[in-house]
Asks: 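Quick one: the structure is below, and I'll ask about it shortly.
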Amino acid sequence: MDNLAWKIVEREKSLGRDLSMIRTEAGIAASGFVHIGSVSDSVRAYAVSLALKNLGYGSEMAQFADDMDGLRSVPAEIPQSFEKYLLQPVSLIPDPFKCHESYAVHMESMLLEALTKAGVETKLFRGYQVYDSGLLKQQIAAILARSKDVGLKIAETTGQKKFTETLPYFPLCRSCGRIYTTNALGFDQKTGRVHYVCKGVEIKKRWYQGCGYEGEADVSRAEGKLSWKVEWAARWAALDIRFEAYGKDLADSVKVNDWVCENILNTPPPYHVQYELFLDESKRKISKSRGVSVFTPDSWYRYATPQSLVLLLLKRIRGTRVVSPRLIPALMNELDRLAQQYYSGTGDPRRTGLYAYAHFLKPPNKRPNTIPYNLLVFLSSIAPEGKEKEFVVSRLKRYGYTVDEEALDRVGKAIEYFKSFGQVPGERFALEEAFKPAVAEVAEAVKNASVAEQLQSAVFEIARRHGLNPQQLFQQLYRILLGQDSGPRFAVFVVEDLGAQRAYEILKSAVA
RNA sequence: GGGCCCGUAGCUCAGCCAGGAUAGAGCACCGGGCUUUUAACCCGGGGGUCGUGGGUUCAAAUCCCGCCGGGCCCGCCA
């Protein structure tokens with residue numbers, strides 16, 4: 001992050017621009033459900049913004065909601081009756097869940113809540129309001145005045161010929177309320193109005209017949225929007241954006257927008273980073289419209305802390321990321337290890353820096369209570385159904401952990417994780433010959449064990465008698481019983497949780 | 001048809017853009033300490049042909065070209 005911020009600053013210096021406010025931007029699509037990819041954009045832009053501040057420059061992140069976009073398909077969770085709103089701007093469609101003022105605001109707030117939980121602070125711009133306030137009107141006018149050049153450039157870089165015939169602007173049809181069915185045919189510089197005819201459009205292999213209405217749209221009002229091919233450029237210039245990352249599926253659009261920004265609006269485009277997309281477990285691009293299969297930030301928060309998600313998004317920007325709930329335990333563990341290094345004050349600066357950024361540079365004052373996540377998941381797995389929380393907490397207390405608010409929250413998450421995904425898989429294991437005699441003796445000791453402390457001592461005794469390092473013997477035992485390298489205090493666990501008889505059987509079969 | 005990303009230690013990743021000395025970190029592993037461990041702690045150690053072949057250079061993980069392996073995006077939708 002710091003490195004990226006430094007590059008941005010160097011570029012701004014060489015461009016001779018004002019350094020007192022270096023604004024970054026992230027977009028939110030408001031047309032479908034929020035997924036991990038949608039937060040990544042904001043999380044990363046915010047981190048860059050913080051890094052800029054850290055270097056001593058003013059910075060803020062602009063969050064731009066694309067709520068003038070038309071609804072192009074009805075997501076699975078939305079009633080099919082919403083078909084009737086297809087191609088209307090999502091900011092003008094009612095909220096299917098009836099809790100927000102519009103479809104767009106509902107979707108936006110899902111993302112904003114997820115970001116707030118993670119600690120991201122944004123300055124929100126809603127597309128509808130931005131268009132309606134006329135904020136972009138100069139840029140729109142400049143682009144439409146040179147629509148010929150723009151259309152040719154789009155055809156050249158993307159092969160899309162459409163805008164050699166129509167203007168790169170979609171008027172909102174005053175008659176039928178749809179936004180992509182219109183063809184913008186002319187622009188009057190004096191009145192700032194676009195002349196259009198509602199002809200129809202083909203989207204996703206489906207033809208939508210226009211209503212035939214012919215009229216004019218005022219570019220200083222929310223009566224239409226720019227095509228994506230040029231809209232970014234207008235935003236960048238109007239909002240003075242200096243950094244914006246983008247997913248590689250939009251690479252061509254960015255090329256065109258950069259050109260427009262530079263050559264039509266006479267503004268150097270923002271510094272970019274292209275990142276790879278997020279894939280789901282089936283290795284396909286995560287899509288907003290595919291519905292329930294989408295792994296959302298909220299579902300992540302059910303199983304893990306927001307910071308673990310931030311860590312995932314910040315630790316590596318390059319390369320494709322397959323997002324899977326299976327990543328959760330590893331990330332929780334990694335965050336705990338980072339915490340250890342951060343608070344001990346001796347860690348590698350790169351690692352402690354990552355920890356700080358996972359908390360957006362506001363890490364907790366004192367080291368958080370990091371009860372190992374895998375332990376919690378394991379305890380959940382042996383907990384009686386319906387009483388998981390009480391059970392896990394009682395065991396934790398017995399093992400000597402402090403169970404505070406924070407720990408309780410984590411316990412809840414781990415229980416959810418176990419319910420959804422099962423035990424964290426351990427590695428396959430074969431008992432080493434050298435340990436067999438000792439393990440056999442432990443088995444006998446376990447058989448008759450009723451007092452935990454005695455058993456615990458017996459294990460140490462056996463280890464010494466066999467000339468083994470107790471630590472190693474314990475490790476073998478944990479591997480046999482749990483499939484993990486370590487575990488809760490051995491004797492307590494055997495006597496009170498697993499049951500002496502059952503433990504005996506498992507150990508016995510391991511040395512057979 | 002056009003384009004992009006990844007390949008560095010067992011694992012997760014830095015380093016590459018602006019080429020320099022024995023290539024780093026965490027975890028794991030090994031050894032030692034702590035006379036019984038909270039899935040702890042402390043000290044030390046081993047471990048990498050930097051995917052591969054060539055080129056440029058006094059010098060290449062780093063720059064250029066080819067190849068292999070893994071994966072993705074775009075193709076007139078935004």
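Every chain is numbered from 1 and lettered A, B, ... according to where its sequence line falls, protein lines coming before strand lines. Keep in mind that what you see is a predicted model, and the values were worked out from it rather than measured.
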Asks: Between A/Phe82 and A/Tyr85 (judged by ring centroids, cut-off 6.0 Å), do the two rings come close enough to count as a pair?
Replies: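 Ring centroids of A/Phe82 and A/Tyr85 are less than 6.0 Å from each other.
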
Asks: Quick one: list whatever passes salt bridge (Lys or Arg N to Asp or Glu O under 4.0 Å) with A/Glu25, sequence neighbours left out.
Replies: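 Scan of A/Glu25 (salt bridge (Lys or Arg N to Asp or Glu O under 4.0 Å), adjacent residues dropped) gives A/Arg235.
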
Asks: Does OP1 or OP2 of B/A25 have a side-chain N or O of A/Arg351 closer than 4.0 Å?
Replies: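 Answer is no, no contact under 4.0 Å.
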
Asks: Suppose we screen for salt bridge (Lys or Arg N to Asp or Glu O under 4.0 Å). Which residues come up paired with A/Asp258, at least two apart in sequence or across chains?
Replies: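 Listed in chain order: nothing, the list is empty.
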
Asks: Whether the A/Tyr401 and A/Asn369 side chains hold a donor-acceptor pair (N or O, under 3.5 Å, no angle test) is what I'd like checked.
Replies: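 There is no such pair between these side chains.
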
Asks: A/Phe163 or A/Ala251: which one's nearest nucleotide on RNA chain B is closer to the 5' end?
Replies: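 It is A/Ala251, whose closest nucleotide lies nearer the 5' terminus.
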
Asks: Is there a side-chain contact between A/Arg321 and the phosphate of B/C13, meaning an N or O under 4.0 Å from OP1 or OP2?
Replies: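 Checking A/Arg321 against B/C13: at least one side-chain N or O falls below 4.0 Å of OP1 or OP2.
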
Asks: Could you tell me the separation between the CG atom of A/Asn333 and the P atom of B/C13, rounded to a whole number of Å?
Replies: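 Result: 15 Å.
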
Asks: Could you pull out the protein-nucleic contacts involving nucleotides 32-35 of chain B (nitrogen or oxygen on both sides, under 3.5 Å)?
Replies:
unit_1, atom_1, unit_2, atom_2, d
B/U35, O2', A/Arg464, NH2, 3.1

Asks: Is the closest basic N to carboxylate O distance between A/Arg206 and A/Glu83 below 4.0 Å?
Replies: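 Counted as a salt bridge, because a side-chain N and a carboxylate O are separated by less than 4.0 Å.
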
Asks: Just jot down the salt bridge (Lys or Arg N to Asp or Glu O under 4.0 Å) partners of A/Glu441, sequence neighbours excluded, or say none.
Replies: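 Applying salt bridge (Lys or Arg N to Asp or Glu O under 4.0 Å) to A/Glu441 gives A/Arg465.
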
Asks: What does the B/S/- profile of nucleotides 72-77 of chain B look like, 5' to 3', with a 4.0 Å heavy-atom cutoff to protein?
Replies: BSS-BB

Asks: Taking salt bridge (Lys or Arg N to Asp or Glu O under 4.0 Å) as the definition, give me every residue that meets it alongside A/Asp149, ordered by chain and number, with sequence neighbours left out.
Replies: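 Residues passing salt bridge (Lys or Arg N to Asp or Glu O under 4.0 Å) with A/Asp149: A/Arg146.
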
Asks: Kindly point out which of B/U36, B/C13, B/C17 is positioned nearest to the side chain of A/Ser457?
Replies: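 Selected nucleotide: B/U36.
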
Asks: Select one nucleotide: of B/A14, B/A78, B/G26, the one nearest the side-chain heavy atoms of A/Arg337.
Replies: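 Nearest to the side chain of A/Arg337 among the choices is B/G26.
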
Asks: How close or far is atom P of B/C27 from atom CG of A/Leu331, stated in whole angstroms?
Replies: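 After rounding, the reported distance stands at 16 Å.
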
Asks: Between A/Tyr131 and A/Phe125, does the ring centroid distance fall short of 6.0 Å?
Replies: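 No, too far apart.
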
